[in-house]
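First the proteins, then the strands, lettered A, B, ... as listed; each starts at 1.
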Number of protein chains: 2
Amino acid sequence: MQIQYQDLSFEVYKRLKTMILSEEFKPGEKLKQEHIAKLLGVSRMPLHKAFQMLEDEMLVENLPRRGFYVTKIDHNLMLDVFECREVLEGLAVRRAVKVITKEDLDYLKSLFKPFCGKKKVDNKKYMEADQEFHNSLLLISGNEALKRFENVRNVLFRAYRGGLIREPVETLPEHLGIIDALENQDEKLVVQLTLEHSTKTQKVLVGKIEEETKSKFVFIGDEA
Amino acid sequence: MQIQYQDLSFEVYKRLKTMILSEEFKPGEKLKQEHIAKLLGVSRMPLHKAFQMLEDEMLVENLPRRGFYVTKIDHNLMLDVFECREVLEGLAVRRAVKVITKEDLDYLKSLFKPFCGKKKVDNKKYMEADQEFHNSLLLISGNEALKRFENVRNVLFRAYRGGLIREPVETLPEHLGIIDALENQDEKLVVQLTLEHSTKTQKVLVGKIEEETKSKFVFIGDEA
DNA sequence: TATACTTAGTCTGTATACAATAAACAACAC
DNA sequence: GTGTTGTTTATTGTATACAGACTAAGTATA
């Protein structure tokens, strides 16, 4: 593995990304260039480059001559992204099942080992493992184009900010089941399990959104 | 429709894009910033922004401290992209079949009208219609995330440069069949037809690649 | 003759400075 | 008092300048 030079803007990008994902910058907030440039001690040029990277990952939006704003997490967009993830992940596992190595499998297993057999799990840590698991599936597939769909992952990561969509006690067995099917190179099963896993989460999400929408209507009713 | 300001870099981006797609800049060619900046009469800053946009569409690659290069059309990448398009388009038509309007259908039909019943068709024009057809499917779906996968389209556009992968006489009925199924809101059929359409093209592409690889080996043999 | 090292030149990455535009606020007219 | 217009201020978009890194050519040495 050779050492790769990373320019300043990449550092800025990483920093801003964590700040957005941790909601130090709130959705809808304007990101003032000069202000942030001073904050991070860089000029506006590498900053601008970083903004663009974030734009491609759907973390910020650019309004010409107005500036960059943190994208609001829109529920409809979230569902749209989930749909895409579903089919892309389906593709990923179909390929992964053919090329997966013992090392890959060991890695996937290691992600969830800390949570197996535990009654109570650290939700934040589990969330990270969950993310990494789904990301790894894309990478293991070996499809170069798939690897580029990182923007999909970011929107979903932000979706998780309100907490996990489903409980670990429910999803952990599903994850392990997918790993098992990959190990046994059972293409049909792994595709089925991945699809089910995704569909279940989407259904719960739709339910939550409906709830939210309802309570919003009530609130508006109170105002009138 | 309100007037939107487009910054210089967007103009530069569009210009460079056509130059790359028309192979004024050859695959693998280095894009010297200062040189192109002078050529287009802009500074290196909007140029840099344009380069980044192109990078996200997989039209150029950036090597840190080396500069930007036009991406070589790699056959493996092309197949990877085709796989992604297949599943994304599957998703697109599943949604499209539910929300498609009469206007959408008329537009899709109008794309291929000039070629219907003709014995000989202008391949270049047909290629453009083909592109627009597949792009439209993504747009009609209404899935915001799907619309963002433009990079997929660009790689494939470049794949077409060597000519159409399959003949219009073969693909035209397939396209019309998909439109018909959309009109009849036959979800199952439209998904099946779209999948078949894509799979056939991929198969032909794989065959062409194998041919090419073979002839390359012969060439190398001659050299030795 | 081939290889390694030095040095000049070119190009990228970053910072600063300037111009153009949008937002905010105050003054004026209705 | 409200709405509109003009002016100021803040912020973005673009150009230029400089420093550091890479490339390549040329010379010296084995």
For atom CZ of A:Phe51 and atom P of D:dT12, their distance in whole Å: 8 Å
task: Start with the C-alpha gap between A:Thr201 and A:Arg166, add the side-chain angles, then the distance that decides, and say whether side-chain hydrogen bond (donor to acceptor under 3.5 Å, both in side chains) holds.
output: CA-CA 7 Å; A:Thr201 306; A:Arg166 290 197 287 148; 3.1 Å; yes
field: A:Lys49 NZ to C:dA15 P, straight-line distance once rounded to whole Å
entry: 13 Å
message: Categorize A:Leu47 for me: base, sugar-phosphate, or nothing, with a 4.0 angstrom heavy-atom threshold over every strand shown.
response: nothing
Length of the CZ-C1' vector between A:Arg65 and C:dA19, whole Å: 9 Å
query: Rounded to whole angstrom units, what separation is found between the CG atom of B:Leu63 and the P atom of D:dA21?
result: 18 Å
query: Under 4.0 Å between a side-chain N or O of B:Ser43 and OP1 or OP2 of D:dA15?
result: yes
task: Any chance you could lay out the ring pair (Phe, Tyr, Trp, His ring centres under 6.0 Å) test for A:His48 and B:His48, step after step, and finish with the verdict?
output: CA-CA 10 Å; A:His48 204 270; B:His48 205 271; over 10 Å; no
- line: Whole-Å distance, A:Tyr13 OH to C:dG13 P, equals 18 Å
message: Using OP1 and OP2 only, check whether a side-chain N or O of B:Arg66 sits under 4.0 Å from D:dA21.
response: no
Spacing between A:Lys32 atom NZ and D:dT9 atom C1', to the nearest angstrom: 12 Å
task: Report the distance from atom CE of A:Met45 to atom P of D:dA19, rounded to the nearest whole Å.
output: 17 Å
- prompt: Between B:Arg44 and B:Lys30, which has a closest nucleotide on DNA chain D that is more 5'?
  reply: B:Arg44
field: Donor-acceptor pair, side chain of B:Thr194 and main chain of B:Val190, under 3.5 angstrom
entry: yes
- prompt: Quick one: is D:dG13 close enough that its OP1 or OP2 comes under 4.0 Å of any side-chain N or O from A:Gln33?
  reply: yes
field: Nucleotide C:dC11, atom P - distance to OH of B:Tyr69 in whole Å
entry: 11 Å
Aromatic plane relationship, B:Tyr126 with B:Phe112 - under 30° parallel, 30 to 60° tilted, over 60° perpendicular: tilted
